[in-house]
Amino acid sequence: MAASGLEPHGKTRVLVVDDEPHIVEFLRMGFSYEGFDVTSATTGAQALEAVAQQRPDIVILDVMLPGMDGNTVARRLRQMADIPIIMLTAREGVDDRVKGLDAGADDYVTKPFAFRELMARVRAVLRRTGNDLARFLEFEDMRLDREERQVTRAGRQVELTPREFELLELFLLHPRQVLTRESILARIWGYDFEGDDNIIEVFVRHLREKLDDQPPRLIQTVRGVGYVLRSAATV
Amino acid sequence: MTRVRQRLLTWVSGLSLRWRLSLLSLGLFAVLLGSVMMVLTVAEREVLLRNEALGLRGNAAAALETGDPVTLFPVARGSVPPPIGPATDGVTRVAQHIGQLKSVGVHIALLSPTGTVLASSPLGQARADGGKLGIIVARPQPAAVPASLMRNALTSAAERVPYSVLSGADGSSQLVVLVPLQQDSHTVAVLQLNASTAPIDLTVGTTRLIMLAGLLVALVVAIALTRQLFTAALRPLSEMERASERIAEGDLTLRLAEPPSHDEIGRLARSFNSMVSQLEASFARQERFVADVSHELRTPLTALGGSLEMLMLGADAGDPGTRQRLLRTMYAETSRMNRLVRDLLTLSRLDEGTVALQLSSVALGPLCAEVLDQVRPLAEARVLIAQVTPASLAVRADGDRLRQVLLNLLDNAIRATAPDGHITLDAAAMADKPGIILRVTDDGAGIPAEALPHVFERFYRADESRSRDPGRNSGSGLGLSICRGLIEAHGGTITASSGPDAGTTISILLPQ
């Protein structure tokens with residue numbers, strides 16, 4: 001099933017290739033959280049097989065793999081399909097970057113890296129290759145266009161500030177999942193935000209006002225935990 | 001005086017080495033030459049005086065012998081001594097002569113054996129040439145003869161010429177020769193001959209001046225030459241100074257040109273170079289350590305950081321199982337990093353040679369049994385065998401380190417063998433010399449031929465990827481390097497032999 005920019009809920013597929021199980025684990029977790037469909041491989045051979053079978057939208061490829069090395073895998077992948085590749089490496093040298101990029105990588109990230117940054121690069125690469133992430137996010141009568149940065153409710157345009165947009169985007173990416181205050185803070189305001197966490201309440205209030213989210217609300221407060229985007233009918 | 005001395009010392013130590021060496025050697029040179037010069041001129045003077053004395057006495061003896069008054073010293077021309085009377089005895093005759101002599105340059109006196117002056121030649125000047133050449137020779141004033149000299153003259157053998165240099169009545173220096181006059185083997189009188197030492201002194205003085213001039217010229221030439229010589233000889237030192245400065249600024253690749261000579265400068269250059277090589281190697285080791293650590297830590301840091309991010313983002317979605325998994329991962333990666341840093345530090349210390357071994361007599365039977373017991377849980381169904389021949393075999397080594405090595409090798413063996421594989425640990429005495437051989441043999445996958453020479457290198461893995469199992473002990477790729485380091489610190493060797501699918505044997509030789 002090919003993902004296209006037109007199918008609003010089609011999940012983008014990512015293939016993660018690394019021989020370190022702990023790295024595969026957190027990448028899988030992170031990409032799932034971001035709404036991707038994740039498959040993984042631990043060797044070059046497995047990676048090529050996975051690409052042939054599942055046709056991911058993007059491949060995250062570690063350079064140092066047992067057996068076939070990452071650059072070779074990248075070259076073979078290129079021959080197989082025009083799938084964007086982001087390479088991961090522990091090496092820092094210019095030569096290694098050049099080799100990787102020449103082998104066909106679209107971008108290159110050195111370890112250790114912040115997952116947030118990797119996600120941003122993934123988004124950038126997908127934008128460039130026209131293979132956008134699910135462009136539209138919808139919930140009930142709300143629709144968010146990630147490309148145009150526009151929100152409509154019941155067909156009516158809603159004006160949001162960038163932060164408000166990001167907050168709504170986060171809710172729409174995780175419908176029916178309770179988001180803790182800490183995770184909202186980390187995602188929208190960054191890991192080392194030192195301000196008052198009441199800021200979330202302020203923004204949620206603004207969002208509710210602009211969306212005309214009257215009770216029974218869609219953006220619900222979960223006392224002591226955080227917030228959740230849920231149909232009013234659900235308890 | 002001390003202050004002057006201190007000032008002098010300060011000045012001297014402020015001079016360059018070249019100058020100090022030059023001044024020192026030239027100073028010695030000058031002192032030696034000067035001494036030789038002094039000795040020579042003193043000897044010269046003595047020789048001249050002696051010859052003069054001999055001459056004086058010779059003439060006196062001749063005159064007395066022949067009775068010819070003319071030969072009794074140079075007499076002023078035109079002055080003829082009166083003939084000797086027939087009834088005069090020797091002494092009187094001589095006394096008469098003396099009284100009338102107008103000898104030139106020599107004053108003659110006749111003394112009794114007790115020193116009383118019986119007669120003396122007239123004082124005053126005489127013209128030697130009878131007035132034609134205008135040369136005036138002063139007649140010396142008589143000197144009082146000390147008793148010791150008189151005694152000497154009376155008692156010494158005929159060959160000796162007692163003479164002395166005394167001061168005359170007017171202060172001038174005079175050569176005094178005493179000639180005993182004998183009649184019938186008695187000394188009846190003593191002839192005192194006085195001559196001025198002025199000509200001799202003049203000669204000696206001239207000699208001294210010439211020598212001094214020569215010495216000065218020699219010194220000047222010597223200064224120029226020795227300074228050149230020292231500059232040339234010491235040039236390597238100023239080169240070393242320059243090179244040292246460059247090295248201190250950070251260029252450790254620099255080396256001094258080593259002169260082919262085997263002298264002190266050559267040896268200094270060679271040991272200097274060897275020191276810089278040591279420094280370079282030490283720095284390279286440190287840089288390598290830092291590079292290794294930062295590189296090898298990147299992977300565990302990625303896993304650790306990523307897991308933390310997931311927790312912060314709430315990607316675990318509140319699921320306690322997932323959360324636990326993430327926390328366990330973080331803990332495992334932290335432990336891995338700990339092991340890595342510890343191993344690298346051990347390797348670094350082994351390289352530098354600063355690992356202290358606690359040596360004692362280690363009984364191999366108990367040790368082998370102990371390590372096998374320790375790995376048994378890990379080995380699961382694999383067969384572990386220990387063979388120690390003879391059972392009482394012991395070796396002088398660091399027991400803890402030996403245990404560390406064996407555990408590492410056994411762990412590798414377990415990982416390399418199938419679940420039903422066999423692993424043997426055997427220890428035996430060396431055949432030809434004192435020492436032991438330890439072997440860990442497994443029947444597992446083996447090591448490919450191209451990897452075999454490299455297995456003991458740090459971070460070398462048969463395929464270029466990281467260990468797949470961070471949960472297991474080590475896997476930092478440093479285990480075998482550390483084993484080698486530890487065994488070599490004991491003065492032993494460790495080797496590996498293997499073949500693909502033919503099992504592996506690691507052999508340790510520990511000579512005593």
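So that the names make sense, note that chain A is the first sequence line, chain B the second, and so on, each numbered from 1. Below, each value reflects all heavy atoms present in this structure, side chains not excepted, and no hydrogens, waters or symmetry copies.
Few gaps surround CZ on R116(A); more than 12 heavy atoms of other groups in view lie less than 6.0 Å from it. Within a 6.0 Å radius of CZ in R255(B), more than 12 heavy atoms belonging to other residues, nucleotides or ligands are found. The local environment of CZ in R323(B) is sparse, with at most 12 non-hydrogen atoms from other residues, nucleotides or ligands closer than 6.0 Å. A 6.0 Å sphere centred on CZ of R246(B) holds no more than 12 heavy atoms belonging to other residues, nucleotides or ligands.
With sequence neighbours excluded, the residues that form a side chain to side chain contact (heavy atoms under 4.5 Å, CB included) with T493(B) are L509(B).
Looking at every heavy atom in both residues, L313(B) comes nearest to F115(A) through CD1-CD2, 4.3 Å. When every heavy atom of R298(B) is checked against every heavy atom of A90(A), the shortest pair comes out as CD-O, 2.8 Å. When every heavy atom of T302(B) is checked against every heavy atom of F26(A), the shortest pair comes out as O-CE2, 3.4 Å.
Within the structure, every pair that satisfies the salt bridge (charged side-chain N to carboxylate O under 4.0 Å, His left out) test and touches residues 21-31 of chain A, not counting sequence neighbours, is listed here: E25(A)-R325(B).
Residues M312(B) and E182(A) are not in side-chain contact: their nearest non-hydrogen atoms beyond the backbone lie 4.5 Å or more apart.
Atom OG1 of T299(B) is separated from atom NZ of K111(A) by 4.5 Å, given to the nearest 0.5 angstrom. The OG atom of S183(A) sits 12.0 Å away from atom CE of M310(B), with the distance rounded to the nearest 0.5 Å.
Of the charged side-chain nitrogens involved, none lies within less than 4.0 Å of a carboxylate oxygen, so that E309(B) and R187(A) do not count as a salt-bridged pair.
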